[in-house]
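Just so you know, ligand 1 is whichever comes first in the structure, and atom 1 is the first atom listed for that ligand. Along the sequence shown, residues carry numbers from 1. Note that the coordinates shown come from a computational prediction; the quantities given were computed from them, not determined experimentally.
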Amino acid sequence: VKINSLYELKKHYNPILLILFTIISILIIDYIVYITGGTSIAFTHMMYIPIIISAFTFDIKGGVGVALLAGLTLGPLMPLNVSEGMMQEPISWILRIIFFVIIGTVTSLLFQRIKLDKENEVKKLFINAETGYPNSSKLKLDLNEMVNNKENFTLVAFKILNYDQVNIYVDYEVGKKSVLKVLEMLSELFEKRNIYSVDTNEMVVIMRKCNVQDAFRKAQEFLSLFEEPTFIDGLPIHLVIQSGIVNFPLHGKGENELFKNIGKTFDQEVLYKNRIAIYENSISQKHQENYAIVVAIYDAIKCNKFTIVYQPKINLSSNNVMGIEALLRWNNDIKGNMNIGELIKIAEDAGIISEITKWVIKNAINQLKVWQDEGINTKVAINISPKDLQDDSIIEYTKNCIAMSQIDPGMIEFELTERAIIEKRMKLVLDSIRDMGLKISLDDFGTGYNSFIHLVEIPIDFVKIDKAFIDNIKDMQTGFLVKGAINLVHNLGKKVIAEGVETQEQLEILKNMGCDNIQGYYFSKPLPPEKLKEFILKYNYEQISL
Ligand code: C2E
Ligand code: CA
Ligand code: CA
């Protein structure tokens with residue numbers, strides 16, 4: 001370790017300063033030799049110091065060069081005895097030069113040797129002795145660097161499941177060779193420098209700047225090579241290989257977590273054909289279909305296969321569109337026009353909901369900007385899942401989007417359900433959302449527990465009364481409940497939005513109860529951007545001209 005730190009030091013030194021230091025020390029020693037009486041006194045031996053130092057820092061060139069220089073300065077011009085004015089015999093200074101050069105050469109060679117040993121030692125620490133590929137220590141080191149650089153990457157691990165059987169039933173050598181064969185095949189499909197041999201029968205590939213979807217395809221491609229037996233020493237061996245996928249930053253925050261999770265994928269029940277498991281964040285086991293959906297969701301985000309429809313909310317006193325709600329739509333190959341609630345649930349369980357949310361935030365804000373440039377100003381509400389608020393990344397992301405589009409933050413509203421709000425930490429999160437200038441709605445009000453308590457405690461602007469209540473509003477008890485809720489919300493200084501209003505009758509009842517805003521098919525279904533623009537233009541214009 002000490003030698004290592006010395007070599008580290010060497011890297012940081014300025015060579016010019018070192019040369020200066022060497023020359024000055026030679027001159028000082030010359031001076032000392034002269035004032036102490038000449039070369040007959042032992043101070044000439046001090047010259048070993050600059051010679052050895054430059055042998056260390058500048059290798060053999062430095063050692064020999066400084067030896068020559070030092071020897072010459074102690075050469076013909078330096079007296080043997082200053083007081084007696086006696087000069088040296090040429091043979092003595094020539095021999096001294098030769099001696100110095102030998103010292104310079106030998107010490108530099110020794111230093112080189114130590115350095116080489118050290119390098120080999122370090123290399124060994126990071127190389128799998130059996131395969132010659134970088135080992136798990138090297139993988140962790142490289143992962144750490146990539147995590148620090150916030151690089152996006154996916155790890156794909158491969159494991160020979162029947163490695164032990166191959167060893168037992170065929171031959172130990174064949175087992176070993178099968179690992180080498182798999183590594184060789186990997187290096188044909190992936191960049192060799194990204195392949196690691198982490199355990200006897202496990203290898204990991206780092207796929208830089210690669211998403212789960214592409215990594216999955218690549219792993220699939222690789223595993224398909226093993227559908228036929230692999231020939232090892234002329235023997236057809238059927239290798240059974242399993243693969244696990246872990247993505248940064250989706251499936252782990254640091255190298256240790258990623259490393260641990262890639263191991264876990266091997267214990268995970270592999271439900272997808274072709275033996276590939278994508279690391280699963282949640283505890284519960286998902287159905288095979290969900291894996292396909294998760295992969296397809298990534299694809300949809302990357303290739304913009306999602307769309308957003310916008311449903312207007314009408315203010316009953318001004319009769320204007322007071323805002324719109326952004327609702328996700330996805331037409332996918334697996335399930336056709338998918339139920340969005342179901343999709344959100346799968347994404348939440350798989351831990352990738354915030355990817356979707358970010359997509360919605362970015363696109364809704366972009367759309368808002370487009371409308372704004374066309375002269376249409378409307379507030380947009382975005383649905384935020386409870387899992388989105390487990391860290392601050394959504395808030396940071398929204399901040400950036402707002403800054404980039406230069407939209408007034410007051411034009412954006414987050415719709416949160418009670419599920420999101422009941423967590424303890426949530427007060428802080430809600431405060432930071434408000435500090436940004438965003439509005440907050442409490443979604444699906446009445447369907448959670450303790451609804452009324454939350455109303456008092458949390459800083460919100462709107463309360464959205466759930467469609468279930470509106471459906472039954474003609475029922476006397478439900479009517480009382482809704483009326484009570486509206487009064488309470490008003491007393492707390494907040495506004496009400498009734499959701500899922502479909503009929504004139506419901507509208508009239510709500511109007512009489514003093515409800516502020518209405519959202520529902522009665523006014524409009526969720527509309528694609530162009531249609532929504534027409535709606536706002538027509539609706540707001542008609543109201544104004546009335
Ligand atoms: P939600 O937030 O309660 O959204 C209102 C849902 O009610 C929407 O369904 C909307 O189309 C529907 N709706 C509105 N008015 C009426 C009506 O008069 N009658 C009927 N029958 N339905 C009406 P949608 O778009 O299918 O969304 C379902 C749920 O999926 C949403 O419920 C929301 O929880 C979730 N969701 C939708 N988009 C997103 C999103 O971008 N992010 C997140 N996290 N969740 C979303
Ligand atoms: Ca909503
Ligand atoms: Ca709702």
*Measure the shortest side-chain to side-chain distance between Phe222 and Val156 over non-hydrogen atoms and say whether it is less than 4.5 angstrom.*
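Not in contact.
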*From the Ca ion (ligand 2) out to just under 3.0 Å, does an N/O/S atom of Asp444 turn up?*
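No N, O or S atom of Asp444 is closer than 3.0 Å to the Ca ion (ligand 2), so no.
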*Below 3.0 Å, any N, O or S contact between Thr417 and the Ca ion (ligand 2)?*
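Given the 3.0 Å cut-off, Thr417 does not count as a ligand of the Ca ion (ligand 2).
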On the six-membered ring of [Y], is [X] placed so that its NZ or CZ lies under 6.0 angstrom from the centre and within 45° of the ring axis?
X      : Y      : result
Lys218 : Phe190 : yes
Lys525 : Tyr521 : yes
Lys439 : Phe462 : no

*Check Lys192 against Ser187 and note the closest heavy-atom contact, atom names and distance.*
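Shortest heavy-atom contact: CG-CB, 4.0 Å.
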_Closest approach of Lys313 to Glu415 (non-hydrogen atoms, all atoms of both residues)_ =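 Heavy atoms of Lys313 and Glu415 come nearest at NZ-OE2, 3.8 Å.
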Give every pair made of an N or O atom of ligand 1 and a protein N or O atom lying under 3.5 Å apart, one pair per line with both atom names and the distance to 0.1 Å, or write 'none'.
{"unit_1": "ligand 1", "atom_1": "2 (O)", "unit_2": "Glu325", "atom_2": "OE2", "d": "3.2"}
{"unit_1": "ligand 1", "atom_1": "2 (O)", "unit_2": "Asn383", "atom_2": "OD1", "d": "3.1"}
{"unit_1": "ligand 1", "atom_1": "2 (O)", "unit_2": "Asp443", "atom_2": "OD2", "d": "3.0"}
{"unit_1": "ligand 1", "atom_1": "3 (O)", "unit_2": "Asp444", "atom_2": "OD1", "d": "3.3"}
{"unit_1": "ligand 1", "atom_1": "3 (O)", "unit_2": "Glu499", "atom_2": "OE2", "d": "3.4"}
{"unit_1": "ligand 1", "atom_1": "15 (N)", "unit_2": "Gln311", "atom_2": "NE2", "d": "3.0"}
{"unit_1": "ligand 1", "atom_1": "18 (O)", "unit_2": "Tyr521", "atom_2": "N", "d": "2.7"}
{"unit_1": "ligand 1", "atom_1": "19 (N)", "unit_2": "Glu502", "atom_2": "OE2", "d": "2.5"}
{"unit_1": "ligand 1", "atom_1": "21 (N)", "unit_2": "Glu502", "atom_2": "OE2", "d": "3.1"}
{"unit_1": "ligand 1", "atom_1": "22 (N)", "unit_2": "Tyr521", "atom_2": "OH", "d": "3.3"}
{"unit_1": "ligand 1", "atom_1": "25 (O)", "unit_2": "Arg329", "atom_2": "NH1", "d": "2.9"}
{"unit_1": "ligand 1", "atom_1": "25 (O)", "unit_2": "Arg329", "atom_2": "NH2", "d": "2.9"}
{"unit_1": "ligand 1", "atom_1": "38 (N)", "unit_2": "Leu328", "atom_2": "N", "d": "3.2"}
{"unit_1": "ligand 1", "atom_1": "42 (N)", "unit_2": "Asn383", "atom_2": "O", "d": "3.4"}

_For N/O/S atoms only: which one belongs to Glu325 and is nearest the Ca ion (ligand 2)?_
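Relative to the Ca ion (ligand 2), the closest nitrogen, oxygen or sulfur of Glu325 carries the name OE2.
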*Taking the N/O/S atoms of Glu415 one by one, which is nearest to the Ca ion (ligand 2)?*
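Among the N, O or S atoms of Glu415, the one closest to the Ca ion (ligand 2) is OE1.
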*Leu141 CG to Glu145 CD distance, which is reported to the nearest 0.5 Å*: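 Leu141 atom CG to Glu145 atom CD measures 7.5 Å (nearest 0.5 Å).
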*asked:* For the metal site, I want the angle between atom OE2 of Glu499 and atom OD1 of Asp443 with the Ca ion (ligand 3) at the apex, to 10°.
replied: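 For OE2 of Glu499 and OD1 of Asp443, the angle centred on the Ca ion (ligand 3) reads 90°.
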*Can you check side chain to side chain contact (heavy atoms under 4.5 Å, CB included) on Thr378 and Ile536, steps first, answer last?*
CA-CA 9 Å; Thr378 183; Ile536 293 187; 4.0 Å; yes
